[in-house]
Amino acid sequence: MNSIVNFLNSIRILDLIDIAIVAFVIYALYNTLKNTRAEQLVKGLVIIFIFTKISELLKLYTVNWVLQKMITGLAFTLIVVFQPELRKILATLGKGNIIRNTFSQFRGEDPDKIIDEILMAAESLSDKKIGALIVFERNTGLNDIVETGTSLNADISYQILMNIFIPNTPLHDGAVVIKNDVIRAAACFLPLSTNENISRELGTRHRAAIGMSERSDSIVLTVSEETGDISISVDGKIHRKLTRDQLKKVLRKIYLDENYYLVEEKSEKDEG
């Protein structure tokens, strides 16, 4: 008990300030990284580091040696592969945006209203046979995709979505990226699927939707300009010719986390 009291008495105000500064910097850096491809690698690095310390305490020397080598390799990979993200962090620090980003606010729109706006836009685009590609960002950050398009940070509305995808307008080519209640960007480029088993009847728009769902946990909504059919791509699978009710259930799954799974009869794994 006396040792605890002595320890507490030895803590200075400057020590608390020192700890607070380090904690804030770590949190701010993570907040900057969390919407990039590097996030998952950083999490893996932290987990391996924890297991390394555990193996050290338990005196598992061989396991500890292997884990230490893995940390070194992952750290090098982080620097080499994610140079764009690291440059972005340094640029953010230089501009002083890191504090502003850390305390950014969520807009808090009503999920039911958002669902109705997206549903209305998808149905209208389908009726008019206007091609569309909408990516719903989930846990995997898509900053690298957003940066290929035009930043909007706009509220989600039927009017904005329709104006974006109307042919011959500046933003109609490419994909819209939505996160929560914000349209982050439009005219974004998506990675095409390299799956050779995708049906030949599917064009670039659908291949991009499948490719995006293969590389992240995002859900991608596609409207065909040839048929007006509405499709949803998730986990590398495309579910085609969705009804209004099915699409609404998917959107409610995204925004309200309701238990709903796409009907397998509507899915064409590896076929598009």
Nearest heavy-atom approach of A132 to R205 is O-CD, 3.3 Å
Main-chain N/O of K237 paired to D235 side chain as donor or acceptor, under 3.5 Å = no
Rounded to the nearest 0.5 Å, how far does CD of E117 lie from CG of L119?
-> 10.0 Å
What closest approach, in Å, do H239 and L242 show between heavy atoms, and which atom pair accounts for it?
-> O-CD1, 3.0 Å
Nearest atoms (heavy-atom pairs only) where R207 meets S199 = NH2-O, 3.9 Å
Side-chain contact test, heavy atoms from C-beta onward, threshold under 4.5 Å: evaluate it for L125 versus L161 and give yes or no.
-> no
Candidate pair I118 and F136, rule side chain to side chain contact (heavy atoms under 4.5 Å, CB included), full reasoning = CA-CA 11 Å; I118 297 172; F136 295 94; 3.6 Å; yes
Could you give the distance from OG1 (T227) to CD (E225), rounded to the nearest 0.5 Å?
-> 10.0 Å
Counting heavy atoms not belonging to L58, are there more than 12 under 6.0 Å from its CG?
-> yes
Pairs in or reaching into residues 156-174: which pass side chain to side chain donor-acceptor pair (under 3.5 Å), with residues at least two apart or in two chains?
-> S124-Y158
Over all atoms of both residues, closest heavy-atom pair of L190 and V135 | CD1-CG2, 3.8 Å
Sequence neighbours excluded, which residues qualify as side chain to side chain contact (heavy atoms under 4.5 Å, CB included) partners of S126?
-> V223, I230
Residues that S233 engages under side-chain hydrogen bond (donor to acceptor under 3.5 Å, both in side chains), provided they are two or more places apart | none
Value for CG (L192) from CD1 (I210), rounded to nearest 0.5 Å, stands at 10.0 Å
The salt bridge (Lys or Arg N to Asp or Glu O under 4.0 Å) partners of D112 (sequence neighbours excluded) come to R252
Between I219 and I254, does a side chain to side chain contact (heavy atoms under 4.5 Å, CB included) hold up when you go through it step by step?
-> CA-CA 8 Å; I219 293 177; I254 294 172; 3.7 Å; yes
Side chain to side chain contact (heavy atoms under 4.5 Å, CB included), paired with S55, selected from V66, T62, N64 = N64
Those residues that, when tested against E226, pass side-chain hydrogen bond (donor to acceptor under 3.5 Å, both in side chains) (two or more places apart) | S224
Would you give the length of the straight line joining atom CG of L133 to atom OG1 of T222, rounded to the nearest 0.5 angstrom?
-> 5.0 Å
Step-by-step side chain to side chain contact (heavy atoms under 4.5 Å, CB included) determination, L256 to L251 = CA-CA 8 Å; L256 301 175; L251 294 173; over 6 Å; no
Considering residues at least two apart in sequence or located in another chain, which fulfil the side chain to side chain contact (heavy atoms under 4.5 Å, CB included) criterion with I47?
-> F51
One should read off an interatomic distance between I115 CD1 and Y255 OH, to the nearest 0.5 angstrom, of 8.0 Å
Could you go through the side chain to side chain contact (heavy atoms under 4.5 Å, CB included) check for K128 and M162 one step at a time?
-> CA-CA 11 Å; K128 294 177 172 60; M162 290 300 296; 4.2 Å; yes
Examine distances only and state if a side-chain atom of R184 and a backbone atom of N153 form a donor-acceptor pair shorter than 3.5 Å.
-> no
For N139, does its backbone N or O pair with a side-chain atom of D217 as donor and acceptor, under 3.5 Å?
-> yes
The side-chain hydrogen bond (donor to acceptor under 3.5 Å, both in side chains) partners of R244 (sequence neighbours excluded) come to E123
Listed by chain and number, what are the side-chain hydrogen bond (donor to acceptor under 3.5 Å, both in side chains) partners of S218, not counting sequence neighbours?
-> S216
Nearest heavy-atom contact between S213 and V220 is N-CG2, 4.4 Å
Qualifying residues under side chain to side chain contact (heavy atoms under 4.5 Å, CB included), relative to I50, sequence neighbours excluded | V46, I54
Listed partners of I21 passing side chain to side chain contact (heavy atoms under 4.5 Å, CB included), at least two apart = I17, V25
Kindly state each residue pair satisfying salt bridge (charged side-chain N to carboxylate O under 4.0 Å, His left out) with at least one member in residues 54-68, sequence neighbours excluded.
-> K53-E56
Are the side chain of E137 and the backbone N or O of I178 linked by a donor-acceptor pair below 3.5 Å?
-> no
For residues M70 and I48, report the shortest heavy-atom separation together with the two atoms involved.
-> CE-CD1, 3.7 Å
Pairwise distance CZ(R240) to OG(S231) - rounded to 0.5 angstrom | 6.0 Å
